[in-house]
There are 2 protein chains.
Amino acid sequence: MPRIVRHPEVRRAELLAAAGRLFSARGYEAASVDDIIGEVGLSKGAFYYYFPSKDALLEALARQAAERARAELEAILAAPAMSAVEQLNAFLRRGRGTDRAAEAIATFASIFSPENIVLYHRMHRTVMTVMAPALARIIEKGRREGSMASNDPLISAELVLLLGAVTHGAVADLLAAEGADALSQAIAAFERRLAEQGLAVDRILGLPDGTARFVEPGFVAAMAAARPNRNPLGATVAAG
Amino acid sequence: MPRIVRHPEVRRAELLAAAGRLFSARGYEAASVDDIIGEVGLSKGAFYYYFPSKDALLEALARQAAERARAELEAILAAPAMSAVEQLNAFLRRGRGTDRAAEAIATFASIFSPENIVLYHRMHRTVMTVMAPALARIIEKGRREGSMASNDPLISAELVLLLGAVTHGAVADLLAAEGADALSQAIAAFERRLAEQGLAVDRILGLPDGTARFVEPGFVAAMAAARPNRNPLGATVAAG
DNA sequence: TGCTACAGACCGCCAGTCGGTATAACTGAC
DNA sequence: GTCAGTTATACCGACTGGCGGTCTGTAGCA
């Protein structure tokens, strides 16, 4: 086979990109190392030259995601003109504008699928460790401004983040919904759920009811409209 | 090899029991089907006579756990003498008495270990579908009694259950703590966390602060005291 | 000339398959 | 009631394909 040499950073990025695609599409376990190197056009030996194990590749992918999330956050935190409450809402809605609904539903569809628990968990854990302290800073600011209450900003931050990550079931329902009736029902259920989650955040942080909102209005409907094409036999996503 | 025939129900139970032990001890992926049948003294063919796949065995195990949880709940729900608030606390503390601390820490240690995400997730999901409606009934009762507030008892129930399942990190810290100082710090952190989670539940359900409590006093210390013996090299549970 | 980035045959293990079989349970003849 | 014949059930274990990971190299750039 022709031997093609690239800059290590480029190769590493290629592997991460291919792994990201394949893990999302097929699930972490179902996507083999051979699949990944096949996509990049690399040998087994070269792969293990870059990553000590398949798990390390997953870890690197999670770190990458966390790093990107952190970068997105810096922008919010760096804006001193915003009140803590405004920052909170900006935080909760990051990447959840109606314009990014298609992107969001695609991500959800792959990451919340049953065969992707491992991928989801890794991402979540790693991103969480980056996000929690950032959100805690917002909560502390809110406390100083007198708009928020919390005994322990870091713990409160983790609880709030947790509430943001419970969308699993509702997303699955949204993806599985067949027919206009079921779809509009799923949308309504999803929005009720998001409203309740927002309320829970308000209560935990001592904000007036209706202050925190996880998505901007119309986001769920936009996501539903942008659902990835499902196979004609139905049940793309197994129930449960 | 001698051929030993048993009643199918007995064999099935044997397999479930062995799988429960091995999955907990080594993790779902690390415990092979060969390990399980080795423990039971059965052949590969016989195993696949009972379960169509290793995953189906995990599913059956999760169902079993859910069924047991449901049975435990019936007792609480069947007691009409208890107020909804009392039922809530009984619910939150099920299996969390100081007398059951040893059992609890052992369960946590295995189920929250990094290599057991799959096992944890399955159990959690299955048990959740059983628990959420039960807790929702308690919340409805509380609403009728005027002690609780909720727009949607089922969603509130799911949020409350979720809050009960966030103990991961703190448990890991508790298990990893080396030396008296670190241990007492981990205990304190755990208790602060549980207190905050209790507060969050209070707020979500419109209860006075300090009403809901996830464990009885002294439970965390009792758990810490009952930690399973860790290997002398330290770091039984990998960080994170 | 030496080190870095690569190649690919190879290994052990694992979930799952398959053809076969011992044994218990049932049948009917006497 | 018992005993050969038959069937269905519960079981055996060699085998397969594919997986993650290893190892011995080696081409190509510096």
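Note that these values count all heavy atoms, side chains included, but never hydrogens, waters or copies made by symmetry.
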In whole Å, I'd like the distance from the [atom1] atom of [X] to the [atom2] atom of [N].
X	N	atom1	atom2	value
B/Glu29	D/dC19	CD	C1'	13 Å
B/Arg6	C/dA24	CZ	C1'	15 Å
B/Asp34	C/dG12	CG	P	16 Å
B/Ile4	D/dT9	CD1	P	22 Å
A/Tyr49	D/dT26	OH	C1'	14 Å
B/Tyr50	C/dT17	OH	P	18 Å
A/Lys44	D/dT24	NZ	P	17 Å
A/His7	C/dC6	NE2	P	10 Å

I want to verify a distance call: between [options], whose nearest atom is closest to the [X] side chain?
X	options	value
B/Val33	D/dG21, C/dA15, C/dC6	C/dA15
B/Tyr48	C/dG16, D/dC11, D/dG20	C/dG16
A/Ser32	D/dC19, D/dC11, C/dC6	D/dC19
B/Arg3	D/dA10, C/dA7, C/dG16	D/dA10

Please determine if B/Lys54 forms a cation-pi arrangement with B/Tyr48, meaning its NZ or CZ atom is less than 6.0 Å from the six-membered ring centre and no more than 45° off the ring axis.
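Geometry flag: not set, cation outside 6.0 Å or 45°.
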When you measure from the centre of the six-membered ring of A/Phe23, is the NZ or CZ of A/Arg21 closer than 6.0 Å and no more than 45° off the axis?
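Ring-cation test returns no.
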Given that A/Pro52 and A/Ala30 both sit by DNA chain D, which one's nearest nucleotide is further toward the 5' end?
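Here A/Ala30 is the residue nearer the 5' end.
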Return the 5'-most residue of the pair B/Gly41, A/Val5 with respect to DNA chain D, ranking by each residue's nearest nucleotide.
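Nearer the 5' end of the strand: B/Gly41.
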Could you point out which residue of A/Leu61, A/Val33, A/Val10, A/Leu42 forms a side chain to side chain contact (heavy atoms under 4.5 Å, CB included) with A/Leu15?
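Among A/Leu61, A/Val33, A/Val10, A/Leu42, the one that satisfies the side chain to side chain contact (heavy atoms under 4.5 Å, CB included) with A/Leu15 is A/Leu42.
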Taking only side-chain N and O atoms of B/Arg11, does any of them lie within less than 4.0 angstrom of OP1 or OP2 on D/dC11?
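Indeed, a polar side-chain atom of B/Arg11 lies that close.
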Once the angle between the rings of A/His121 and A/His124 is folded into 0 to 90°, is it parallel (under 30°), tilted (30 to 60°) or perpendicular (over 60°)?
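A/His121 and A/His124: perpendicular rings.
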Nearest 0.5 Å, please: how far is CD1 in B/Ile155 from CZ in A/Arg192?
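A/Arg192 atom CZ to B/Ile155 atom CD1 measures 5.5 Å (nearest 0.5 Å).
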